[in-house]
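FYI, side chains are in, hydrogens and waters are out, and symmetry mates aren't considered; it's all heavy atoms of this structure. For ligands, and for the atoms within them, numbers begin at 1 and follow the listed sequence.
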Amino acid sequence: MSSSILVVGSVAFDTVETPFGRAEKVLGGSASFFAVAASFFVPVSLVGIVGRDFGEKELAAFRNRPIDLDGLERSDGETFHWQGKYSYDLNARETVCTDLNVFESFKPRIPEKYRRSSHVFLGNIDPVLQRDVLDQVHAPEIVACDTMNFWITGKLDELRKTLARVQVLLINDAEARQLSGEWNLVKAARAIRAMGPKVLVVKKGEHGVVMFTGDSFAAPAYPLEEVFDPTGAGDTFAGGFLGYLAAARGLDETVLRRAVIMGSTLASFCVEAFSLDRILRLTRTEIDARYRLFKSLTDFEAL
Ligand code: AMP
């Protein structure tokens, strides 16, 4: 069976304000960023929901790529809308508003043809719905998952049941501390890995990521001269990471470390423009060139 990724998550209109400009109701959502990033590596099947205001112009972003949209439900309401604001410290973002709209009644229905996907990415949605998805798929090789403070605070028991069925968890450092109740990230990782996911990737914004597998591995964020809009960087990282893993079909330490660098590479492009603008213009040649720059960025001689 060839590899493919099923992603379930938000497809959104985002309004984003940064010190460098403002974008009004542009394409966003966790599943959108993830799908485009992962589609550089393997075919992706997208399950989500949009409203009647989501037209051909928005869908065009996904066309001409190996992204199957038959699982993108259209409902008679407005598309999920998220508004965020960044100050000069681009690591700190304020959510101005979250209009769930059609997302409020979202019940993921996985089309029959997606149920044998080799890899599954559970975007940041209610952990009960994340488990619903897992109940509908047949024995995926790897399930990866995202979550956020809202679910850690409000549905911790449900989240723990989901985590027991997940191999890879990708969260930020504040979420890792909150989930584990440990301030120290090494202790937090030990506690979280005992909940289920044997691979924990902790994202630290412009300070890069740390992966805990028993070993630990750290990668910096690529030092860019222009960081324009960090929205979607986490989901784009996840798309590059899981896309690479699915194409490589392995979970050993070497493959996992390459996947971390591939995720960081994709995320570094994402932040160069608003919305999905940069990753939609991206080529495989550019990806491979920046991956090589990562190697020289972190390479040093032993003493
Ligand atoms: P990231 O910057 O990778 O954490 O993800 C940003 C994306 O997440 C934006 O495009 C938003 O549309 C989406 N988003 C924000 N809040 C939520 C939420 N509560 N549920 C689902 N998606 C969300």
So, are [X] and [Y] salt-bridged, with charged N and O less than 4.0 Å apart?
X      : Y      : result
Arg284 : Asp288 : yes
Asp70  : Lys113 : yes
Arg278 : Glu226 : no

Among all protein non-hydrogen atoms, which one is nearest to [atom], and what is the separation to 0.1 Å?
atom                    : answer
atom 19 (N) of ligand 1 : Met148 SD, 4.0 Å
atom 16 (N) of ligand 1 : Trp82 CD1, 3.6 Å
atom 1 (P) of ligand 1  : Asp235 OD2, 3.4 Å
atom 17 (C) of ligand 1 : Phe80 CZ, 3.6 Å

### Task
Tell me whether the guanidinium CZ or amine NZ of Arg65 lies under 6.0 angstrom from the six-membered ring centre of Phe40 and within 45° of its axis.
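Yes - Arg65 lies over the ring of Phe40, closer than 6.0 Å to its centre and within 45° of its axis.
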Does ligand 1 come near enough to [X] that some N or O of the ligand is less than 3.5 Å from an N or O of the residue?
X      : result
Thr98  : no
Gly28  : no
Asp14  : yes
Gly232 : yes
Ala12  : no

Check whether any side-chain heavy atom of Phe106 sits under 4.5 Å from a side-chain heavy atom of Val47, and report yes or no.
yes
Can you tell me which portion of [X] lies within the under-4.0 Å heavy-atom range of ligand 1? Options are side chain, backbone, both, or neither.
X      : answer
Arg93  : side chain
Ala233 : backbone
Phe33  : side chain

Report task. Using the rule that two of Ile, Leu, Val, Met, Phe, Trp, Tyr join whenever any of their side-chain heavy atoms come within less than 4.5 Å, decide whether Val209 and Met148 are in one cluster. Result -> no
- Message: Test of understanding: clusters of I, L, V, M, F, W, Y form through side-chain heavy atoms closer than 4.5 Å, transitively. Do Leu200 and Phe241 belong to the same one?
- Response: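 Per the 4.5 Å side-chain linkage, Leu200 and Phe241 are not co-clustered.
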Using distance alone, with no hydrogens and no angle criterion, decide if Thr213 and Glu253 have a side-chain donor and acceptor under 3.5 Å apart. yes
Show me which atoms of ligand 1 lie under 4.0 Å from any heavy atom of [X].
X      : value
Thr231 : 2 (O), 6 (C), 9 (C), 10 (O)
Gly234 : 3 (O)
Gly29  : 9 (C), 10 (O), 12 (O)
Ser10  : 13 (C), 21 (C), 22 (N), 23 (C)

Could you check Trp82 against Asp99 for side-chain hydrogen bond (donor to acceptor under 3.5 Å, both in side chains), going step by step and ending with a plain yes or no? CA-CA 6 Å; Trp82 173 80; Asp99 305 317; over 6 Å; no
Notebook entry, point to check: Could a heavy atom of Phe13 be found less than 4.0 Å from some atom of ligand 1?
Noted result: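 No, that is not the case, since the closest heavy atom of the residue is not under 4.0 Å from the ligand.
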- request: Any chance you could measure Ser118, atom OG, to Leu245, atom CG, to the nearest 0.5 Å?
  value: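 If I round to the nearest 0.5 Å, the distance is 10.5 Å.
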For atom 20 (N) of ligand 1, the option (of Leu100, Asn124, Val16) bearing the nearest heavy atom: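 The residue whose heavy atom sits nearest atom 20 (N) of ligand 1 is Asn124.
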For residues 181-206, the side chain to side chain donor-acceptor pair (under 3.5 Å) pairs (sequence neighbours left out) are Asn91-Glu206
